[in-house]
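Residue numbers start at 1 and run along the sequence shown. Computation of the quantities below employed the complete heavy-atom set of this structure, encompassing side-chain atoms and omitting hydrogens, waters and symmetry-equivalent molecules. Since we're looking at a predicted model, the values are computed, not measured.
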Amino acid sequence: MAVGEDCAAAAVVSQVRHRCCFFSSVDVAITRSDKLPKRPHLWMLGPLVSHTGFVSDARAYWVTRSLIAWNVNDQDTSLFLYASRDATMHVSDGAIHGYDSKIELQPEHASLPDNVAEKFPFIRSYRTFRVPSSVDVASLVKCQLAVASYDAHGRQQDVTGLQLPGVLDDMFAYTGPLGAVFSDKDVDLYLWAPTAQDVRVCFYDGPAGPLLQTVQLKELNGVWSVTVPRYRESQYYLYEVKVYHPSTSQVEKCLADDPYARGLSANGTRTWLVDINTETLKPASWDELSDEKPNLESFSDISIYELHIRDFSAHDCTVDGNSRGGFRAFTCQDSAGMHHLRKLSAAGLTHVHLLPSFHFASVDDNKSNWKFVDEAQLAKLPPGSDEQQAAIVSIQQEDPYNWGYDPVLWGVPKGSYASNPDGPSRIIEYRQMVQALNRIGLRVVMDVVYNHLDSSGPFGVFSVLDKIVPGYYLRRDINGQIENSAAMNNTASEHFMVDRLIVDDLLNWAINYKVDGFRFDLMGHIMKSTMIRAKSALRSLTRDVHGVDGSKIYLYGEGWDFGEVAQNKRGINASQINMSGTGIGSFNDRIRDSVNGGNPFGNPLQQGFSTGLFLEPNGYYQGNEADTRRELATYADHIQIGLAGNLKDYVLTTHTGEAKKGSDIYTFDGSPVGYTSSPVETINYVSAHDNETLFDIVSIKTPIGLSIDEKCRINHLASSIIALSQGIPFFHAGDEILRSKSLDRDSYNSGDWFNKLDFTYETNNWGVGLPPRDKNEENWHLIKPRLENPSFRPSKNHILSVFNNFVDILKIRYSSPLFRLSTASDIEQRVRFHNTGPSMVPGVIVMSIKDAQNEKCEMAQLDKNFSYVVTIFNVCPHEVSIEIHDLASLGLELHPIQVVSSDVLVRQSAYQASKGRFTVPRRTTAVFVRHRC
C-alpha cells in the first residue's frame with residue numbers, strides 16, 4: 001500500500017506511499033488520507049470522547065496478569081483499579097462512582113521485567129504496580145476498567161483507562177483451533193474473545209434471508225465454542241458478541257463476521273459456513289497442481305510482474321463480457337492479455353504479483369450497483385481537458401475500481417472479482433485463476449495488507465476484529481487512541497493473537513489456494529518476529545502433507561520505517577535494515593530514485609541517471625554543472641550497489657575514488673544504500689502501482705522537446721538496469737508497453753479510464769485527460785502542455801519496439817545464471833564495476849561478471865555457455881567509446897540475442913579486444929559475452 005505526502009499533518013518525506021506513493025526508509029509521521037475509504041470512519045473524527053462522562057483515554061497498561069504500568073512520577077502515589085461489568089462508572093465531585101470493584105495496587109520498586117520491556121519498549125520507563133494474586137483477572141478484563149492515582153493525602157490526582165493486550169497475551173494466548181472445524185457429522189465453531197461477556201452465533205437462511213436460529217456458545221479460557229450439526233454447512237452466520245467497547249464506553253452487542261471466515265456473502269454482510277476442502281469447490285485436477293507448478297530452483301531466479309486484476313482485462317474485448325475485470329479472465333486462454341503473459345513467461349518471467357484480492361471495502365460486490373462513465377464520449381475530449389477526471393471522480397465511490405488496500409477480512413477472495421459474490425464462485429474462480437497462471441509458467445504472488453484494517457468500532461459491516469476483542473487487534477498510542485500512520489486502524493502484530501492470525505491467514509492462502517508468494521504491504525509496520533515466524537511456517541509445508549512445497553514460497557514487502565514503529569519504538573520491526581539476513585525481500589527505493597531522479601515526493605522535474613541529469617538538462621535547476629555532475633556520479637554509485645544485490649558488504653570504488661562497503665555509502669537523507677546480506681533480499685524496481693508509470697516518469701523528467709524515439713530508449717534502458725541486476729527484478733504491468741496513466745501520480749481510485757492496459761498494443765493510454773484533481777492539480781501546469789503535445793504520444797510501432805526489447809532483455813537475464821547469483825559471496829567474488837573513481841565517464845556503468853575459466857579456477861563454474869559477461873549501460877544522448885584495460889583480450893562478443901535484435905542501434909555495439917574498447921550507441925544497454933570453447 002502506500003502513504004501520501006499531502007496527507008493531513010504530513011511531514012516532508014523522501015519515501016512513503018500507499019494507494020498513492022511508494023515511500024521509503026524515512027522516519028515520518030503521516031496520516032494516510034490518500035488511502036481514505038469511501039465512507040467516514042471513526043478514526044477520522046479525532047479523539048474519542050465518552051458520552052457517558054467517563055474517561056476516554058487509556059494511558060495505563062495492564063501488561064501481565066499481575067502487573068499494571070503507568071507513567072506516574074510521584075513516588076508517594078497510590079493506585080486503585082476500578083471495574084464495572086455494566087459500564088456504569090462515572091466521575092462526579094472528583095470521585096469515581098458506579099464501580100463494582102475497587103482494588104488497591106501495590107507499587108513495585110523494580111522496573112518492567114525484561115520480557116515485558118521487550119514487548120512494550122515504548123513504556124520501558126513507566127512505573128509498575130502489582131495486582132493482588134487474589135483478584136479474578138479473567139472476570140475483570142470483561143469489564144469497564146480504570147485506574148486512578150491518589151496522593152499521600154488521599155486526593156485523586158488522575159484517572160485513566162487501561163490497554164489490555166499485555167494481560168490478554170499473558171493469560172489467554174491460544175494455539176488451538178479457530179474458525180469452523182468440520183467433521184463427518186458436526187461443525188465445531190471456535191472464537192477467541194476473552195473480553196466478551198457473552199457470545200452467540202446467529203444462523204441465517206441465505207445471504208440476505210431471515211434469521212433461522214441463535215445458538216449460545218460456551219467459554220473456556222477466553223475461547224468460545226459450540227458444536228452444531230453438519231447440516232448447517234452452506235448456511236450463513238454472524239457472531240453476536242456482548243462486550244465492553246472502549247470507543248463508546250458502553251457494553252455493546254456487536255454482530256461480526258468470523259475472523260477465520262472462509263466464505264462470505266456479498267460485501268461481507270454474513271459469513272458463509274463452508275468446508276473449503278469440499279470437492280465441489282475444486283477445479284479439475286486441483287489437487288495435482290503442485291505437480292504442475294513452474295520450476296523454481298532458487299529465489300534468485302525470480303522476476304516479478306505487478307498486475308491489478310481488473311486492469312488485466314477490463315478493456316480486453318477478447319475476454320467475454322461476464323469475465324472481464326475478474327478472476328475468470330485469466331482462464332480465457334486465447335485473450336490478448338493471456339497471450340501477452342505467455343510471451344513474458346516464455347522470455348523467462350517467473351511470477352505475477354496480483355494487487356489485493358482478499359475482501360476489501362472500497363468496491364461494492366454487487367455489480368448491479370456499479371456506475372460507469374461513457375468512455376466513447378470521454379475519448380472525444382481534448383487530451384489536456386479536465387472533464388475526463390471530473391467524470392471519473394463523480395462516480396468513483398460507486399464504480400468497480402479500487403486497488404483494494406482497505407482490508408476487511410483477509411482470508412476470503414474479493415467478491416467483486418467473482419461472477420457471483422455469494423456462495424462458492426469466489427473460491428472456485430480464484431483457484432482457477434491460480435491454476436491458469438501456473439499452467440502458462442507463472443507463479444502467483446498475493447499482495448497482503450496486514451498492517452491496517454478498513455474500519456474499527458462496534459458498528460458497521462466493515463469492522464470485524466475490533467468488534468470481537470475491542471482494543472486488542474489495533475495498535476494504540478500512549479493515550480489509547482488508534483494509530484493511523486499506515487492509513488487507518490493500524491494493526492499490532494506484536495500482540496500474540498494478531499501475529500497468529502497473520503500466520504494462519506498466510507497458511508490458508510498457501511494451502512487452500514496454492515499461492516506461490518506474498519508481498520507485504522507496509523511490511524515495516526509488521527514486527528520482524530512475525531515475518532520470521534511466517535517464513536518458517538510456510539517453509540514447513542510439504543507436498544506430501546499439504547499439497548504445497550513451502551520452500552518455494554517467496555516473501556517480500558515494503559520495509560519503510562516510519563510512524564509509531566520507526567526505529568524499533570514498538571519492537572524490532574520488519575524494516576529494510578532489520579530484515580537483512582532473513583532471506584525476505586524488501587523494495588529498494590535507492591535504485592528507483594537513482595535511476596529516475598529525486599523521489600516520489602519531490603519536484604517531478606528532478607532528473608536522475610536515466611532521465612538526463614547533467615547530460616541533457618530539462619531546465620529545472622538542480623545545481624550548477626559541477627553539482628549535477630557530482631549528483632550523477634553519486635547516483636551511479638547507488639545504482640552499482642543495487643546492481644550488486646544492494647549488499648551491505650559489497651565493496652565499490654566510488655566516484656571519489658574511495659573503496660566503500662554498500663552500508664557505508666549513504667543516500668542524500670543519510671540512509672545506507674546497501675542493506676542486504678543476500679541478493680534475494682532486494683526487490684529492484686523503477687516503478688510500481690504507486691506513483692507514475694515508468695513512461696510517465698520519463699515523459700515528465702526529460703526535456704520537453706525530446707523525441708518520442710528517445711523517450712522509448714530511456715524507458716527500455718531503465719527497465720534493463722532492473723532486469724540485469726543481481727537480486728529480484730520487479731516490473732509494473734505495462735512498463736514494457738509504454739503504459740501511461742496520463743501522468744496520474746496516484747491512480748488507486750482513478751477508475752478503468754486512467755488505469756487502462758491495452759494488450760493489443762494500439763495505444764498506451766497517454767493523453768486521456770488531466771489526471772484527477774485531488775492528487776495531481778498542483779502539477780497540472782506541467783502536465784497539461786505535455787498531454788496536449790502530440791509528439792509525446794507513441795505509435796503502435798513504438799510500443800511493439802519497446803516490448804520486443806523488453807522480451808530480449810528478459811531472455812538475456814535467463815540466458816546465464818551469472819545474472820542471477822544466489823549468494824553474497826558469489827557476487828563479491830564475481831561482480832566488478834570498471835568505470836569508477838574520479839575519472840569515470842559520466843553516464844556510463846560498466847559491469848562485468850566472471851565465471852570459472854577452467855577446472856583449476858578457485859570459483860565454481862555456473863554457466864556452461866559463457867565464461868564472462870560484460871554489461872554496459874550508456875545513458876548518454878550520444879555514442880560512447882570507453883577503454884577498460886582490465887577487460888582487454890577477453891574475446892568478448894555482443895550477446896547473440898542482441899546480434900539479431902530489432903533495435904538497430906544495439907546491433908552497432910562493438911568491442912575491440914586489443915584495447916578493451918567498448919563502443920555503445922546512445923541510450924543503449926549492451927551485453928557482451930565470452931563463449932566457452
Determine whether the side chains of [X] and [Y] contain a donor N or O and an acceptor N or O closer than 3.5 Å.
X    : Y    : answer
D364 : N267 : yes
N489 : Y473 : no
D258 : Y237 : yes

Determine whether [X] and [Y] make a side-chain contact, defined as any pair of heavy atoms from C-beta on separated by less than 4.5 Å.
X    : Y    : result
D499 : I526 : no
S416 : K367 : no
V408 : D257 : no
R431 : K514 : no
E483 : L474 : no

Working to the nearest 0.5 angstrom, can you tell me the gap between [X] [atom1] and [Y] [atom2]?
X    : Y    : atom1 : atom2 : answer
I502 : R533 : CD1   : CZ    : 9.5 Å
L140 : R85  : CG    : CZ    : 10.0 Å
R262 : I427 : CZ    : CD1   : 10.0 Å
I428 : M433 : CD1   : CE    : 14.0 Å
H308 : S357 : NE2   : OG    : 10.0 Å
T214 : L238 : OG1   : CG    : 10.5 Å

Worksheet item: Can you list the steps and then say if T195 with Y244 is a side-chain contact (heavy atoms from CB on, under 4.5 Å)?
Response: CA-CA 8 Å; T195 62; Y244 172 76; over 6 Å; no
Worksheet item: What is the ring orientation for Y450 with W410, classed by angle as parallel under 30°, tilted 30 to 60°, or perpendicular over 60°?
Response: perpendicular
Fill in: Backbone N/O of G480 and side chain of D477: donor-acceptor pair under 3.5 Å
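At least one qualifying donor-acceptor pair exists.
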Practice prompt. Answer with yes or no after comparing the ring centroid distance for W192 and F172 against a 6.0 Å cut-off, counting only values under it.
Written response: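 Between F172 and W192, which both carry aromatic rings, the centre distance is not below 6.0 Å.
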Using ring pair (Phe, Tyr, Trp, His ring centres under 6.0 Å) as the criterion, list what pairs up with [X], not counting sequence neighbours.
X    : answer
Y99  : Y82
W509 : Y430, Y513
H546 : none
F312 : F330, F759

Worksheet item: Is R475 paired with E494 through a side-chain N to carboxylate O contact shorter than 4.0 Å?
Response: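 Looking at E494 and R475, the cut-off is met.
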Practice prompt. Go through D57 and R476 one step at a time and tell me if the side-chain contact (heavy atoms from CB on, under 4.5 Å) criterion holds.
Written response: CA-CA 10 Å; D57 59 18; R476 294 192 283 172; over 6 Å; no
Worksheet entry | side-chain contact (heavy atoms from CB on, under 4.5 Å) between T271 and V412, intermediate numbers included | CA-CA 10 Å; T271 299; V412 184; over 6 Å; no
Worksheet item: Which residue pairs pass the salt bridge (Lys or Arg N to Asp or Glu O under 4.0 Å) test with at least one member in residues 171-193, sequence neighbours excluded?
Response: none
Considering only distance and modelled atom types, tabulate donor-acceptor pairs under 3.5 Å from the side chains of residues 199-210, sequence neighbours left out.
residue: R200; atom: NE; partner: D198; partner atom: OD2; Å: 3.1
residue: R200; atom: NE; partner: Q216; partner atom: OE1; Å: 3.2

Worksheet item: Which atom names give the shortest non-hydrogen contact between R328 and S323, and what distance separates them?
Response: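 Minimum heavy-atom separation between R328 and S323: NE-OG, 3.4 Å.
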